[in-house]
Amino acid sequence: MNPRSSIFITGAASGIGRETALLFAQRGWFVGIADTNEAGLAALARQIGSDDCHVSVLDVTDPARYQDRLAAFAARTGGRLQVLFNNAGIVRMGLNESIPLAQQHLMVNININGVLNGVHHALPYLKNTPGAHIVTMCSVSSMYGMPELAVYSATKHAVRALTEAFSLELAHHGIVVADIVVPYVNTPLVHAASLQAYSVARTGVNLEPLQVAELAWKAAHGRRLHWKLHYLTHMLGLLFWLLPCVRRPLIRRLCLSPAWR
């Protein structure tokens with residue numbers, strides 16, 4: 001049994017997940033690293049050390065596998081889980097009509113159902129841990145439906161709604177639920193995309209994974225509902241609240257290629 005605080009991170013083999021795993025491990029936590037990328041997981045596990053992490057080869061869309069991998073992780077933590085970090089996600093960019101339907105469904109399955117699977121199967125361990133947290137990666141695209149990111153944006157709207165609802169439902173268990181709202185981050189999710197949305201060039205890729213990992217650390221210790229990073233996130237949030245009438249024209253200008261206006 002491991003008496004330390006523990007975190008289970010999906011999508012841990014690269015990008016935000018990897019930096020979060022390293023950060024929490026460096027600060028004394030026992031880290032569960034989960035991903036479909038076995039080579040990436042192995043490299044990360046070597047860097048952290050086997051005494052400080054548990055490796056799970058996991059497709060978050062497989063609920064039975066998710067349950068099994070969480071049980072194996074919990075066997076090393078005495079049945080406790082301080083933080084579930086729903087980080088796994090994918091994006092397919094471009095006009096929605098150009099994205100194969102199977103890829104649209106895959107975004108929904110990973111970005112929404114993967115979160116549902118994680119919360120459902122982690123809940124017994126979270127309930128067993130005083131001060132437990134659920135933290136989920138969200139996006140600026142949760143603020144308004146983004147062209148060339150239509151389905152991805154819809155999944156992040158869903159994440160925001162789930163965060164708000166779960167934060168109310170699970171409060172009586174003492175579980176804090178939050179999400180992290182960011183613009184584009186310099187990860188393979190963005191820079192390795194076969195087609196990039198117009199908004200990538202228009203707004204830029206302004207954050208590094210370590211910056212988000214630091215915010216995940218704060219979210220794991222705080223009680224805020226929506227944790228926002230970067231001036232663009234705060235600016236859009238304030239502007240949309242003060243002047244809701246500008247949302248559509250502003251998003252059209254920032255996110256839709258002139259060729260499709």
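The residues of the chain are indexed from 1 along the displayed sequence.
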Taking atom CD as the centre, does E164 end up with more than 12 heavy-atom neighbours from other residues, nucleotides or ligands that are less than 6.0 angstrom away? yes
Between the CG atom in L236 and the CZ atom in R247, the distance rounded to the nearest 0.5 Å is 11.5 Å
Give, for atom NE2 of H173 and atom CG of L126, the distance between the pair rounded to the nearest 0.5 Å. 10.0 Å
Within 6.0 Å of CZ in R253, more than 12 heavy atoms from elsewhere: no
Do we see a donor-acceptor contact under 3.5 Å between the side chains of Q67 and H120? no
Euclidean distance, T10 OG1 relative to D59 CG, rounded to 0.5 Å: 11.0 Å
Geometric class of the Y66/H121 ring pair [parallel <30°, tilted 30-60°, perpendicular >60°]: tilted
From N206 atom CG to Q211 atom CD, the distance as rounded to the nearest 0.5 Å: 9.0 Å
To the nearest 0.5 angstrom, please state how far the CG atom of L70 sits from the CG atom of L123. 11.0 Å
Does a sphere of radius 6.0 Å around CZ in R223 hold more than 12 heavy atoms from other residues, nucleotides or ligands, not counting ones at 6.0 Å or beyond? no
Which class fits the ring pair F24 and W29: parallel under 30°, tilted 30 to 60°, perpendicular over 60°? perpendicular
Y184 reachable from V140 in the ILVMFWY side-chain graph, under 4.5 Å edges: yes
Please confirm whether the backbone N or O of F30 pairs with a side-chain atom of S6, one donor and one acceptor, at under 3.5 Å? no
Please determine if D35 and R18 form a salt bridge, counting it only when a charged side-chain N lies under 4.0 Å from a carboxylate O. no
For L81, does its backbone N or O pair with a side-chain atom of T129 as donor and acceptor, under 3.5 Å? yes
Would you find a donor on one side and an acceptor on the other, under 3.5 Å apart, between the side chain of N128 and the backbone of G79? yes
